[in-house]
*Asks:* 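Provided herewith is a single structure, encoded as C-alpha cells, for subsequent inquiry.
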Amino acid sequence: MVKTVNIAIIGPGLVGSEFINQLANIKSTAIKYNSILISSSKKALISQEYKPLNLSSWSEDFKNTETGALSSSELLSFLTKSVSLHPTILVDNSSSVELSDNYPKILEAGVSIATPNKKAFSGDISLWNAIFGASATKGSLVYHEATVGAGLPVISTIKDLIATGDEIEEIEGIFSGSLSYIFNELYSSGKKYSEIVTIAKSLGYTEPDPRDDLNGQDFARKVLILSRLSGFEIKSLADLKVDSLIPADLEDAKSGSEFLVRLPNYDQDIESLKEAAAKEGKVVKYTGKIDIKNKTASVGIQKYDKAHPFANMSGSDNVISIKTKRYTNPLIIQGAGAGAAVTAAGVLADTIKIAERS
C-alpha cells in the first residue's frame, strides 16, 4: 500500500525552487508526496481540500496567484487539519525568524519539520530546548542537516557517532563556501584580498552585501549548532568568540558597494597576516573550532601547517574535521558546502527520511 505524506513548502526562492523541482522528480513507489502549500512571505498556492498541487506548473501558477500568505495562526490551523488526514511535513526553506520561533507549536501539533533555516537552531538555547522537547513529547520529527554544510552529512554523522556511544572531543572546520573561496584564492590567484572579495560577490559566492559573510555571524551560527549537538550547550551567539573580517574603520560603510570601494585600503592587513604565517611555514584560513572537553568555541583566522588538510583546498568547498574517542585520527568530511542544488538535496534527503519514519 502506498503511503501519502503531505508536504507544505515555505520559501520558493533559490533553494526552495530547486527543492520543489527535485521533489517533483522523486521516483518512489512506496510514498506519495502530496504538496499542499507553496508560500512566500507575501503570497501562496494553497491546495483545495488538501489535494496535490501540480508541481509541473508550480512556478507559473505561483507567479499568477493572488492569494495572500497565511498568517502564523492560519498556517498552524492549516497544518493541524492536514495531520488529521496524512502525516505532514513542513519544509521551511526560508530564513524567517517568525516562522522558526513557531517551530515548537508546529511540532506540538504533530507536524514534522525539514529545514535549512539556521535561525531556530542558533538562537537562544531556550528555543533549541523547546523545539527538541516538543519533538520528543509529540513524536514529530525535526531534521536540519542543511543548516551546516548544505548537503554534506555533517549533522547526521555527529548524531550517529553519539548514538553509538562515541564522544565528540573536537570539531574544527571551514563552514563557509564564500570564506573558503576567498582564503583559497589568496594563495592560488595572486590577486589582492579586496579583488577576491569583489569576484566572490560577482560569482554569487557571497551574500549581495559581502559584509553578511565577512562579519562571521553566519559561520558562527553553524559552529553554535554543532557545539550544541556535541554536548557543549552555548546559550547564545553572544557567548561565542567571533573575529569579524570587517575592519573597524569600515563598520560605518553605508552600503555593500561603499564597503567594496573602501576595502582596498586594508589589503595590506591581510597580506601582513599571510607574510607572518609564511615565516612559520604556515597558511591562514578562516575557521571554526569547538573544544568539547574545555568548553570553548571560536571563529576566526587561524594558521595551519602546509601539510594540514585545510591548507591545500581549492574553490568553495567546506571541510570538517571531527575528533572523537574512537576517531583519534580525525574523521574528515569535505565537499560542496554551498549552492542551491546541494542545499536543496540536503533538505529533500531529510524530507524523505521523515516521510519514511512517519
Side-chain angles (χ1 to χ4, degrees), residues 13-15 95 118 122 148-150 152 172-223 237 240-278 282-289 298-304 306 308 310-320 334-343:
L14 284 175
V15 172
S95 58
K118 292 182 283 291
S122 58
V148 178
L152 294 177
E172 189 170 13
I174 298 171
F175 306 110
S176 164
S178 57
L179 293 177
S180 177
Y181 174 83
I182 289 167
F183 278 82
N184 291 339
E185 287 291 293
L186 279 174
Y187 287 93
S188 63
S189 70
K191 294 183 173 64
K192 294 180 180 180
Y193 174 65
S194 60
E195 292 180 88
I196 296 168
V197 172
T198 300
I199 292 169
K201 178 181 181 297
S202 71
L203 292 173
Y205 288 152
T206 72
E207 294 296 325
D209 186 336
R211 292 175 295 179
D212 292 337
D213 292 290
L214 297 178
N215 64 17
Q217 291 301 303
D218 185 69
F219 198 120
R221 288 184 183 279
K222 299 172 186 180
V223 170
L237 273 176
L240 186 60
K241 183 179 181 297
V242 182
D243 293 334
S244 174
L245 291 172
I246 299 175
D249 291 346
L250 287 187
E251 289 178 354
D252 65 348
K254 294 183 174 132
S255 67
S257 297
E258 180 187 336
F259 172 78
L260 287 175
V261 168
R262 294 166 59 187
L263 189 59
N265 296 327
Y266 300 88
D267 282 339
Q268 188 55 47
D269 293 351
I270 296 294
E271 192 61 30
S272 295
L273 289 173
K274 280 181 62 182
E275 290 171 357
K282 296 182 177 182
V283 300
V284 292
K285 298 289 181 179
Y286 194 88
T287 63
K289 187 172 183 178
S298 61
V299 173
I301 294 178
Q302 299 291 337
K303 294 182 287 188
Y304 294 92
K306 291 182 179 179
H308 193 281
F310 295 1
N312 299 296
M313 294 175 61
S314 61
S316 59
D317 275 7
N318 282 191
V319 59
I320 300 94
Q334 181 176 344
V342 292
T343 302

*Asks:* Considering residues at least two apart in sequence or located in another chain, which fulfil the salt bridge (charged side-chain N to carboxylate O under 4.0 Å, His left out) criterion with Asp267?
*Replies:* none
*Asks:* Which value, rounded to the nearest 0.5 Å, describes the distance between Leu179 atom CG and Lys285 atom NZ?
*Replies:* 11.5 Å
*Asks:* Is the CG atom of Leu237 crowded by more than 12 outside heavy atoms at less than 6.0 Å?
*Replies:* yes
*Asks:* CG/Leu14 to OG1/Thr343 distance, rounded to the nearest 0.5 angstrom?
*Replies:* 10.0 Å
*Asks:* Write down the atom of Val223, the atom of Gly288, and the distance for their closest heavy-atom approach.
*Replies:*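 Here Val223 and Gly288 meet closest at CG2-CA, 4.1 Å.
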*Asks:* Checking side-chain polar atoms at under 3.5 Å, does Asn184 have a donor or acceptor matched by the opposite partner on Ser180?
*Replies:* yes
*Asks:* For the pair Arg211 (side chain) and Leu250 (backbone), establish whether a donor and an acceptor sit closer than 3.5 Å, ignoring hydrogens and angles.
*Replies:*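 No, Arg211 side chain to Leu250 backbone: no donor-acceptor pair under 3.5 Å.
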*Asks:* About how many Å separate CD1 of Ile174 and OG1 of Thr287, when rounded to the nearest 0.5 Å?
*Replies:* 6.5 Å
*Asks:* So Tyr286 and Ile182, side chain to side chain contact (heavy atoms under 4.5 Å, CB included) or not? Walk me through it.
*Replies:* CA-CA 9 Å; Tyr286 194 88; Ile182 289 167; over 6 Å; no
*Asks:* Take atom NZ of Lys192 as the centre, draw a 6.0 Å sphere, and report whether it contains more than 12 heavy atoms from other residues, nucleotides or ligands.
*Replies:*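 No, not enclosed.
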*Asks:* Is there a donor in the side chain of Ser178 and an acceptor in the side chain of Ser176, or the other way round, less than 3.5 Å apart?
*Replies:* yes
*Asks:* Mind listing the closest non-hydrogen atom pair of Val284 and Leu273 along with its distance?
*Replies:* CG1-O, 3.8 Å
*Asks:* Return the NZ to OG distance between Lys118 and Ser95, rounded to the nearest 0.5 Å.
*Replies:* 8.5 Å
*Asks:* Just distance, no hydrogens or angles: give the donor-acceptor pairs under 3.5 Å from side chains in residues 240-248, sequence neighbours left out.
*Replies:*
unit_1	atom_1	unit_2	atom_2	d
Lys241	NZ	Asp243	OD1	3.2
Ser244	OG	Ile246	N	3.0

*Asks:* If I compare all heavy atoms of Phe175 with all of Glu172, which pair ends up nearest, and what's the gap?
*Replies:* CZ-C, 4.3 Å
*Asks:* If I compare all heavy atoms of Lys254 with all of Glu258, which pair ends up nearest, and what's the gap?
*Replies:*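 Smallest interatomic distance, heavy atoms only, reads N-OE1, 3.0 Å.
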*Asks:* Please evaluate residues Ser202 and Ile199 with respect to the criterion side chain to side chain contact (heavy atoms under 4.5 Å, CB included), reporting the C-alpha separation (whole Å), side-chain torsions for both, the decisive distance (0.1 Å), and the verdict.
*Replies:* CA-CA 5 Å; Ser202 71; Ile199 292 169; 4.3 Å; yes
*Asks:* Would you call the rings of Phe310 and His308 parallel, tilted or perpendicular if under 30° counts as parallel and over 60° as perpendicular?
*Replies:*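 Perpendicular.
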*Asks:* Can you tell me which residue pairs pass the ring pair (Phe, Tyr, Trp, His ring centres under 6.0 Å) test with a partner in residues 182-215, sequence neighbours excluded?
*Replies:*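 Ring pair (Phe, Tyr, Trp, His ring centres under 6.0 Å) check on residues 182-215 returns Tyr181-Tyr205.
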*Asks:* How close do Ala150 and Val342 get, heavy atom to heavy atom, and via which atoms?
*Replies:* CB-CG2, 4.0 Å
*Asks:* Count the heavy atoms of every other residue, nucleotide or ligand shown that sit under 6.0 Å from NZ of Lys289, and state whether that count exceeds 12.
*Replies:*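 Open.
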*Asks:* Calculate, to the nearest 0.5 Å, the distance between atoms CG and NZ belonging to Leu186 and Lys274 respectively.
*Replies:* 5.5 Å
*Asks:* Of all the heavy-atom pairs spanning Asp209 and Ser255, show the shortest one and how long it is.
*Replies:*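 Scanning both residues, the minimum pair turns out to be OD2-C, 4.4 Å.
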*Asks:* Stepwise, does the salt bridge (Lys or Arg N to Asp or Glu O under 4.0 Å) test hold for Lys201 with Asp213?
*Replies:* CA-CA 10 Å; Lys201 178 181 181 297; Asp213 292 290; over 6 Å; no
*Asks:* Roughly how far, to the nearest 0.5 Å, is CG of Leu260 from OG1 of Thr206?
*Replies:*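 Answer for the OG1-CG pair, Thr206 versus Leu260, is 8.0 Å.
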